[in-house]
Amino acid sequence: MDKEPGTNGQETNGSHSKMDRATQTREAHKVTLIGALIDFAVGVAKMITGFTVGSAALVADGIHSFSDILTDIFVVAATHFGRQEPDNNHPYGHGRIETLATLWLGSVLIFVAGGIAWASITRLVGGEPIPAPGLWAIGIAVLALLAKEWIYRYTMQVARRVNSRLLEANAWHSRSDALSTLVVLVGLVAAQVGVGWMDAIAAIVVGIMVGQVGWRLLWESSQELIDTALPTDERDAMQQAAEEVSGVRSVHDLRTRKLGSDILLDLHIVVPPRVTVSEAHEIGNEASRRLREAFPNLHDVTFHIDPEDDSGETEHSLRPGLPLRADVEGVLDRVWNGLPIWHARVALDLHYLDNQVDVSLYVNALPPGQDLDTAANELRQAAARLAWVGRLRIWVGPGKG
């Protein structure tokens with residue numbers, strides 16, 4: 001992003017939604033720990049029942065539930081470190097930790113889906129007999145299914161409230177366990193009535209469903225890692241919100257990306273070319289405030305103030321530069337040294353516009369025998385060979401002296 005001429009501003013929002021980060025983290029930890037307790041209880045019940053009635057499917061499903069506890073611990077760690085405030089080594093925050101964790105969970109879901117489908121196909125092809133488990137085992141499977149479905153819905157609700165893709169991924173992981181329990185339940189009921197092959201067919205379908213969820217999480221997280229922009233409609237809404245601010249002539253080079261649950265925004269704001277630096281900067285600050293009000297997940301807003309619209313042009317740092325004030329004053333002093341109006345000046349303003357330097361002289365009074373036209377013509381003639389000099393102006397009166 002070009003850095004000259006103009007001014008830049010940056011604001012970081014420490015509380016980018018209705019809940020601050022500490023509250024969000026506590027919510028995430030709470031729902032995840034509740035899920036871990038349910039996974040433990042469900043896993044114990046499944047394994048005890050599976051061993052008692054001789055159901056390998058229930059035992060395997062119990063092991064699946066215990067594996068979810070490891071995932072829950074991982075999620076607690078990721079949400080803790082991923083929602084920490086920015087520091088010197090991570091000035092944009094730690095949101096990528098949640099992104100990486102979501103990638104990992106998506107991979108786990110695909111692995112789980114493949115395992116379910118492979119085991120089911122093997123049982124279907126091999127014609128493995130399934131003994132009648134009894135109503136007790138079916139009842140345990142129903143309770144486990146309800147418990148896992150409840151924690152899925154609870155986790156998804158919290159994930160949307162704190163805007164965490166990682167929690168959403170963990171919710172779908174709980175849903176995958178619920179679906180695998182549903183498969184086991186179908187198999188148990190089918191085995192009870194002597195139709196064991198239905199278990200394998202249902203498991204294959206569930207495996208495909210779980211795999212689709214895992215692939216979606218992998219795809220969305222990978223897009224975040226390569227700094228994919230927000231959807232066009234959201235970017236257009238951001239541009240419109242900034243352009244509605246008084247003093248903003250236009251907005252260009254608006255760029256967005258996501259960092260975990262946070263949104264980062266860069267934009268160029270075009271303001272009237274001759275306003276003061278402080279006024280231009282405050283216009284940018286107001287645009288930033290309006291954007292944060294309209295988009296609560298905006299965590300970092302960096303704005304660049306432009307005195308003219310240079311969208312589509314070569315970046316300023318790649319073009320030949322114009323002389324800065326010290327050089328301008330030195331050159332003008334050489335060419336205007338013999339002019340009374342130059343020595344009568346009390347202030348000098350420079351405006352860098354249209355690849356030239358506009359010069360404004362402020363004087364308390366014109367030199368004797370001169371009017372504005374005469375003084376201005378003398379200045380123009382003396383500076384005629386300076387290609388970088390743009391408009392010349394003389395201001396008379398109590399000025400900047």
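Worth knowing before you read on, the calculation uses all heavy atoms, side chains too, and leaves out hydrogens, waters and symmetry mates.
Considering every non-hydrogen atom in both Ser222 and Leu103, the closest pair reads N-CD2, 4.0 Å. Taking each heavy atom of Ala144 and Thr181 in turn, the nearest pair found is CB-CG2, 4.1 Å. Pairing each heavy atom of Ala287 with each of Ile269, the nearest pair is CB-CD1, 3.8 Å. Taking each heavy atom of Tyr152 and Arg175 in turn, the nearest pair found is CE2-NH2, 2.6 Å.
For the atom pair CG (Asp233) and CE (Met238), the distance works out to 10.0 Å, reported to the nearest 0.5 Å. With values rounded to the nearest 0.5 angstrom, His29 atom NE2 is found 13.0 Å from Ile34 atom CD1. In this structure, CG in Leu332 is found 11.5 Å from CG in Asn337, a value given to the nearest 0.5 Å. Atom CG in Leu322 sits 11.0 Å away from atom CG in Asp327 (nearest 0.5 Å). Atom OG of Ser174 and atom CG of Asp39 lie 6.0 Å apart (nearest 0.5 Å). Annotation: the span from Arg345 atom CZ to Ser360 atom OG amounts to 13.5 Å, rounded to 0.5 Å.
Ring-plane geometry between Tyr362 and Trp395 is classed as parallel, the angle between the planes falling under 30 degrees on a 0 to 90 degree scale with a further cut at 60.
Counting only distance, with no hydrogens or angles, the side chain of Glu308 and the backbone of Leu353 share no donor-acceptor pair below 3.5 Å. Counting only distance, with no hydrogens or angles, the side chain of Thr155 and the backbone of Ala171 share no donor-acceptor pair below 3.5 Å. Remark: side-chain polar atoms of Glu27 are not paired, donor with acceptor, to backbone N or O of Val158 under 3.5 angstrom.
Residue Asp236 qualifies as enclosed at atom CG: its count of foreign heavy atoms under 6.0 Å is above 12.
Side chains of His252 and Asp306: a donor-acceptor N/O pair is present below 3.5 angstrom, by distance only. With hydrogens and angles left out, the side-chain atoms of Asp309 and His268 include no donor and acceptor closer than 3.5 Å. Side-chain contact check for Glu282 and Asn285: at least one donor-acceptor pair (N or O, by modelled atom type) lies under 3.5 Å.
When the side chain to side chain donor-acceptor pair (under 3.5 Å) test is applied to Arg393, no partner is found at least two apart in sequence or on another chain. Residues satisfying the ring pair (Phe, Tyr, Trp, His ring centres under 6.0 Å) criterion with Trp150, sequence neighbours excluded, are Tyr154. Evaluation of the side-chain contact (heavy atoms from CB on, under 4.5 Å) rule for Gln240 yields Glu244 as partners, not counting sequence neighbours. For Arg334, there are no salt bridge (Lys or Arg N to Asp or Glu O under 4.0 Å) partners two or more places apart in sequence or in a different chain. Scanning for side-chain contact (heavy atoms from CB on, under 4.5 Å) contacts around Leu264 gives Tyr92, Arg257, Leu259, Asp262, Asp300, with sequence neighbours left out. Taking Thr374 as the reference, Asp371 meet the side chain to side chain donor-acceptor pair (under 3.5 Å) condition, with sequence neighbours excluded. Residues forming a side-chain contact (heavy atoms from CB on, under 4.5 Å) with Ala229 (at least two apart in sequence, or on another chain): Arg235, Thr256. With sequence neighbours excluded, no residue forms a salt bridge (Lys or Arg N to Asp or Glu O under 4.0 Å) with Glu234. Considering only residues two or more places apart in sequence or on other chains, Ser107 meets the side chain to side chain donor-acceptor pair (under 3.5 Å) condition with none of them. With sequence neighbours excluded, the residues that form a side chain to side chain donor-acceptor pair (under 3.5 Å) with Glu313 are Arg319.
By the 4.5 Å heavy-atom criterion applied to side chains, Asp253 and Leu267 are not counted as neighbours. Counting heavy atoms from C-beta on, the side chains of Leu361 and Leu348 come closer than 4.5 Å.
Remark: Arg289 engages Glu286 in a salt bridge, criterion side-chain N to carboxylate O under 4.0 Å. Arg153 has a carboxylate O that lies under 4.0 Å from a charged side-chain N of Glu149, or vice versa, which qualifies the two as a salt bridge.
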Donor-acceptor contacts, no H, no angles, side chain residues 375-392, under 3.5 Å, sequence neighbours left out:
| unit_1 | atom_1 | unit_2 | atom_2 | d |
| --- | --- | --- | --- | --- |
| Asn377 | ND2 | Asp373 | O | 3.1 |
| Glu378 | OE1 | Gln370 | NE2 | 2.8 |
| Glu378 | OE2 | Gln370 | NE2 | 3.2 |

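Residue pairs meeting the ring pair (Phe, Tyr, Trp, His ring centres under 6.0 Å) criterion with at least one partner in residues 321-340, sequence neighbours excluded, are Trp336-Trp342.
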CA sep, side-chain torsions, deciding dist, call: Leu100, Leu225, side chain to side chain contact (heavy atoms under 4.5 Å, CB included): CA-CA 8 Å; Leu100 290 172; Leu225 283 179; 4.3 Å; yes

Determine whether Trp172 and Glu168 satisfy the following criterion, side chain to side chain contact (heavy atoms under 4.5 Å, CB included), listing intermediate values before the conclusion. CA-CA 6 Å; Trp172 278 109; Glu168 181 182 345; 4.0 Å; yes

Walk me through whether Val270 and Val248 qualify under side chain to side chain contact (heavy atoms under 4.5 Å, CB included). CA-CA 6 Å; Val270 181; Val248 174; over 6 Å; no

